[in-house]
Q: 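What follows is a structure written as structure tokens; I'll ask about it next.
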Amino acid sequence: MKIDFKEKVFEAVKKIPRGRTLNYKQVAKLADRPRAYRAVGNILRSNYDPTIPCHRVIRSDGKIGGYNRGIELKAKLLKQEQSLNKE
DNA sequence: CGTATGACGTGCA
DNA sequence: GTGCACGCCATAC
């Protein structure tokens, strides 16, 4: 089965452990397209799934960026998971 | 098939 | 340190 770039992105994002945030560039690299970080954000925006912790994907600047379900929700989730991971 | 868009990143002033 | 512009890739229309 040949998986598309977005499928690869989804897998990479799903592999992100809680408390761990990756920037779009990293996800794109894991998807074999280190230059497609643009498409990564675009794909996540057009294809949100409850099984994909896309909220763990942030910008390289450390900024959250955006979130289909609400930017504030993403910020809250990140803070929550980071707090859990920190113990 | 071609154009436009975008949750980005880096460089330069 | 902040702001503006360019470049890159995939998706949607």
Side-chain angles (χ1 to χ4, degrees):
Chain A
M1 170 182 175
K2 192 169 73 68
I3 59 180
D4 290 295
F5 172 67
K6 64 177 187 177
E7 296 294 306
K8 214 55 171 304
V9 174
F10 290 143
E11 287 191 65
V13 176
K14 289 195 304 188
K15 289 176 182 174
I16 303 175
R18 83 167 144 83
R20 183 61 178 256
T21 50
L22 294 178
N23 43 322
Y24 294 95
K25 195 193 295 185
Q26 277 288 61
V27 177
K29 185 176 183 179
L30 293 171
D32 286 300
R33 287 296 190 272
R35 306 294 169 183
Y37 44 73
R38 280 280 203 155
V40 174
N42 214 314
I43 291 164
L44 296 178
R45 195 196 194 219
S46 297
N47 295 275
Y48 178 79
D49 279 287
T51 57
I52 302 171
C54 48
H55 62 262
R56 290 180 187 158
V57 186
I58 62 176
R59 291 185 38 152
S60 62
D61 303 272
K63 294 181 180 302
I64 295 176
Y67 197 53
N68 294 7
R69 300 304 171 186
I71 181 64
E72 44 190 300
L73 178 62
K74 182 172 181 176
K76 185 164 58 180
L77 288 168
L78 288 171
K79 183 179 172 69
Q80 181 93 11
E81 299 195 339
Q82 284 178 123
S83 203
L84 289 166
N85 182 269
K86 194 176 65 177
E87 299 189 46

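Keep in mind that what you see is a predicted model, and the values were worked out from it rather than measured. Numbers restart at 1 for each chain; the letters A, B, ... are given by sequence-line order, proteins then strands.
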Q: What integer distance in Å separates Phe5(A):CZ from dA12(C):C1'?
A: 16 Å
Q: Hey, are the side chains of Lys15(A) and Leu30(A) touching, using non-hydrogen atoms and a 4.5 Å cut-off?
A: no
Q: Rounded to whole Å, please give me the gap between OH in Tyr24(A) and C1' in dT10(B).
A: 17 Å
Q: Taking the side chain as every heavy atom from C-beta outward, state whether His55(A) and Glu81(A) have any pair of such atoms under 4.5 Å apart.
A: yes
Q: Quick check: on DNA chain C, is the nucleotide nearest Val40(A) upstream (toward 5') of the one nearest Tyr37(A), or the reverse? Name the residue that is more 5'.
A: Tyr37(A)
Q: Could you tell me the separation between the CG atom of Leu44(A) and the C1' atom of dG6(B), rounded to a whole number of Å?
A: 12 Å
Q: Could you work out which one of dC9(C), dA7(B), dG9(B) sits closest to the side chain of Asn68(A)?
A: dA7(B)
Q: Name the nucleic acid region contacted by Ala36(A), choosing base, sugar-phosphate or nothing; use a 4.0 angstrom heavy-atom cut-off, strictly under.
A: sugar-phosphate
Q: Is the distance from OP1 or OP2 of dG9(B) to the nearest side-chain N or O of Arg59(A) less than 4.0 Å?
A: yes
Q: Taking CG from Leu73(A) and C1' from dA7(B), how many angstroms apart are they, rounded to a whole number?
A: 14 Å
Q: Please give, in whole Å, the distance from dA10(C) P to Asp32(A) CG?
A: 11 Å
Q: Which listed nucleotide (dG9(B), dC9(C), dT11(C)) is nearest to the side chain of Asp61(A)?
A: dG9(B)
Q: Within less than 4.0 Å of OP1 or OP2 of dG6(B), is there a side-chain N or O belonging to Ser46(A)?
A: no
Q: In whole Å, what is the span from the CG atom of Asn42(A) to the C1' atom of dC13(C)?
A: 13 Å
Q: Output yes when at least one side-chain N/O atom of Arg45(A) is less than 4.0 Å from OP1 or OP2 of dT11(C), else no.
A: no
Q: Quick one: which of dC8(C), dG6(B), dG9(B) gets closest to the side chain of Asn23(A)?
A: dG9(B)
Q: Rounding to an integer number of Å, can you tell me how far Gln26(A) CD sits from dG9(B) P?
A: 11 Å
Q: When you check the gap from the basic side-chain N to the acidic O, do Arg59(A) and Asp61(A) get nearer than 4.0 Å?
A: yes
Q: Look at the side chain of Cys54(A) and decide which nucleotide, out of dA7(B), dT10(B), dA10(C), has an atom nearest to it.
A: dA7(B)
Q: Is the closest side-chain heavy-atom distance between Arg56(A) and Arg18(A) below 4.5 Å?
A: yes
Q: As a test of reading the structure: which of dA7(B), dA12(C), dC9(C) is closest to the side chain of Asn47(A), going by heavy atoms?
A: dA12(C)
Q: Within less than 4.0 Å of OP1 or OP2 of dT10(B), is there a side-chain N or O belonging to Lys25(A)?
A: yes
Q: Base, sugar-phosphate, or nothing: which does Ile43(A) touch, judged by heavy atoms less than 4.0 Å apart?
A: sugar-phosphate
Q: Do Arg33(A) and Val9(A) come within less than 4.5 Å of each other through their side chains, counting heavy atoms only?
A: no
Q: Would you kindly check whether a donor in the side chain of Tyr67(A) faces an acceptor in the base of dA7(B), or vice versa, at under 3.5 angstrom?
A: no
Q: Would you say that Asn68(A) contacts Arg45(A) through its side chain, given a criterion of any heavy-atom pair below 4.5 Å between the two side chains?
A: yes
Q: What is the distance, to the nearest angstrom, from the CD1 atom on Ile52(A) to the P atom on dA7(B)?
A: 18 Å
